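Residue numbers count from 1 along this sequence. In this text, all values refer to a predicted model and were calculated from it rather than measured experimentally.
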Amino acid sequence: MSVADELIGPAITDVAGEPAGATQRERLLGRYHWAASYCEERAVVEVACGTGQGLGLLKTRARSVCGCDLSMVNLERVRTTYGSAIPLARTDAQVLPYATGSLDIVILLETLYFLPDADAFLAEAHRVLRPGGHCLISAINKDCPDFNPNHPLYFAHYGAPQLAAKLHSNGMEPSCFGIIPMDQPSVRSKVFRPLKQVAVKLNLIPDSMQARLLLKRIVFGRLEPMPADISGIPAPTRPPVQIAADVPDTVHQVVLCAGKKR
């Protein structure tokens, strides 16, 4: 984990072209390669697709793929990358514009905690999925020691048990996985972890993307731009690890949860 990522934690969002640390890029690659593993010859939608870095990877595996987001700015960035190759829709994640039983895979990555009504999204995902289809969710793990609970835009915090319970209560059987293990920190991480814990406790971590990027530059120096399309980038060397769905996981920074429609 980079010094900057260890000190200030995950950014608000992952924007194509914006400076990013090594762990931020690994999170992006890890969650999309995991999601892509479910998409072989399936009809797929990514909800809250952001600037679309993962849509090209999903397209290499899926029978069909489309993206949707509430932000027109994000969707314009997606069109800049892919042109008309991927259908896009502007929509609220809590009201999906897809026919009942029309999709095999619904993907929502690191967004559930930003939704005022997570159950509304999950009910919509259940509606548009065919029987046996999957809703794939990732979330920053609230049970990881490095979790920052003070994000001003969070409506809820999730670990594996909370994600699994949400999926189960909305008619889906959950399987949970973890990525970005934190149980073997580097020497650099050991130095900066106490500083981050103090900053979190005192609510000193900046809220805005701009402030976080500035702090990353101060702490880490030159950062690499977030890629606009990850379809040609291999999966991280540390693959997802299956974890218990009913026990808090204190090892992994990110929880991945696949809910299979009953």
Side-chain angles (χ1 to χ4, degrees), residues 10-99 101-112 114-115 121 124-125 128-130 133-140 179 209-210 213 223-236 240 254 256 258:
I12 293 172
T13 189
D14 296 315
V15 178
E18 291 289 344
T23 301
Q24 189 178 348
R25 294 193 300 275
E26 183 179 356
R27 281 198 306 271
L28 180 83
L29 291 169
R31 64 183 184 254
Y32 275 111
H33 277 279
W34 169 77
S37 71
Y38 287 83
C39 293
E40 198 71 39
E41 291 302 311
R42 301 290 192 267
V44 178
V45 63
E46 184 183 3
V47 181
C49 65
T51 52
Q53 296 95 310
L55 287 171
L57 175 63
L58 301 176
K59 184 175 173 59
T60 66
R61 306 286 289 273
R63 181 175 74 252
S64 65
V65 65
C66 52
C68 63
D69 199 276
L70 189 59
S71 167
M72 282 302 300
V73 173
N74 283 345
L75 294 175
E76 287 167 3
R77 295 285 293 274
V78 177
R79 290 191 181 96
T80 298
T81 302
Y82 301 108
S84 60
I86 296 176
L88 301 173
R90 185 179 185 225
T91 187
D92 188 327
Q94 298 158 123
V95 186
L96 299 179
Y98 306 106
S102 62
L103 296 167
D104 300 302
I105 306 290
V106 175
I107 299 171
L108 185 79
L109 303 178
E110 295 193 17
T111 302
L112 191 67
F114 297 132
L115 301 182
F121 161 74
E124 280 287 88
V128 303
L129 282 171
R130 299 182 178 112
H134 285 86
C135 177
L136 307 178
I137 298 175
S138 73
I140 301 299
I179 59 172
M209 173 68 81
Q210 291 77 13
L213 288 175
L223 304 171
E224 294 296 325
M226 184 66 75
D229 175 14
I230 64 169
S231 57
I233 304 177
V254 177
L256 313 170

Does Thr111 use its side chain to pair, donor to acceptor, with the backbone of Leu109 at less than 3.5 Å? yes

As a quick check of understanding, evaluate salt bridge (Lys or Arg N to Asp or Glu O under 4.0 Å) for Glu110 and Arg31, giving each step before the final call. CA-CA 9 Å; Glu110 295 193 17; Arg31 64 183 184 254; 3.0 Å; yes

Are Pro236 and Ile179 close enough that some pair of their side-chain heavy atoms sits under 4.5 Å apart? no

Hey, could you give me the OG/OH distance between Ser138 and Tyr32, rounded to the nearest 0.5 Å? 8.0 Å

Heavy atoms, side chains only, cut-off 4.5 Å: are Val254 and Ile140 in contact? yes

Using only atom types and a distance under 3.5 Å, with no angle test, would you say the side chain of Asp104 pairs donor to acceptor with the backbone of Gly133? no

Hey, could you give me the CD1/CZ distance between Ile105 and Arg130, rounded to the nearest 0.5 Å? 10.5 Å

Is a side-chain N or O of His33 found less than 3.5 angstrom from the main chain of Ile233, in a donor-acceptor match? yes

To the nearest 0.5 Å, what is the distance between OH (Tyr98) and OG1 (Thr91)? 7.0 Å

What closest approach, in Å, do Pro87 and Ala85 show between heavy atoms, and which atom pair accounts for it? CD-O, 4.0 Å

Closest non-hydrogen contact found for Cys68 with Val45 is SG-CG2, 4.3 Å

Counting C-beta onward and ignoring hydrogens, is there a side-chain heavy-atom pair between Ile86 and Val78 closer than 4.5 Å? no

Give the minimum heavy-atom separation between Asp92 and Leu70, together with the two atoms involved. N-CD1, 4.0 Å

A side-chain contact here means heavy atoms from C-beta on lying under 4.5 Å apart; do Leu28 and Gln24 qualify? no

For Cys135 and Ala125, work out which heavy atoms get closest and say how close. SG-CB, 4.0 Å

Does Arg77 use its side chain to pair, donor to acceptor, with the backbone of Ala16 at less than 3.5 Å? yes

Hey, could you give me the CZ/CD1 distance between Phe121 and Ile137, rounded to the nearest 0.5 Å? 5.5 Å

Please tabulate, one pair per line, all N/O donor-acceptor pairs under 3.5 Å involving side-chain atoms of residues 54-65, not counting sequence neighbours.
unit_1, atom_1, unit_2, atom_2, d
Thr60, OG1, Leu57, O, 2.6
Arg61, NE, Glu40, OE1, 2.9
Arg63, NH1, Glu41, O, 2.7

Just verifying a value: how many Å separate Arg27 CZ and Asp14 CG, rounded to the nearest 0.5 Å? 6.5 Å

Restricting to salt bridge (charged side-chain N to carboxylate O under 4.0 Å, His left out), what partner residues turn up for Glu124, sequence neighbours left out? Arg127

CD of Gln53 to CD of Glu46, rounded to nearest 0.5 Å, is 9.0 Å

Which atom pair, heavy atoms only, marks the closest approach of Ala93 to Val47? CB-CG1, 3.5 Å

Side-chain heavy-atom pair Trp34, Leu136 within 4.5 angstrom cut-off: yes

Does either side chain, that of Asp69 or that of Ser71, offer a donor lying less than 3.5 Å from an acceptor on the other one? no

Are Glu26 and Leu29 packed together at the side-chain level, in the sense that at least one heavy-atom pair is separated by less than 4.5 angstrom? no

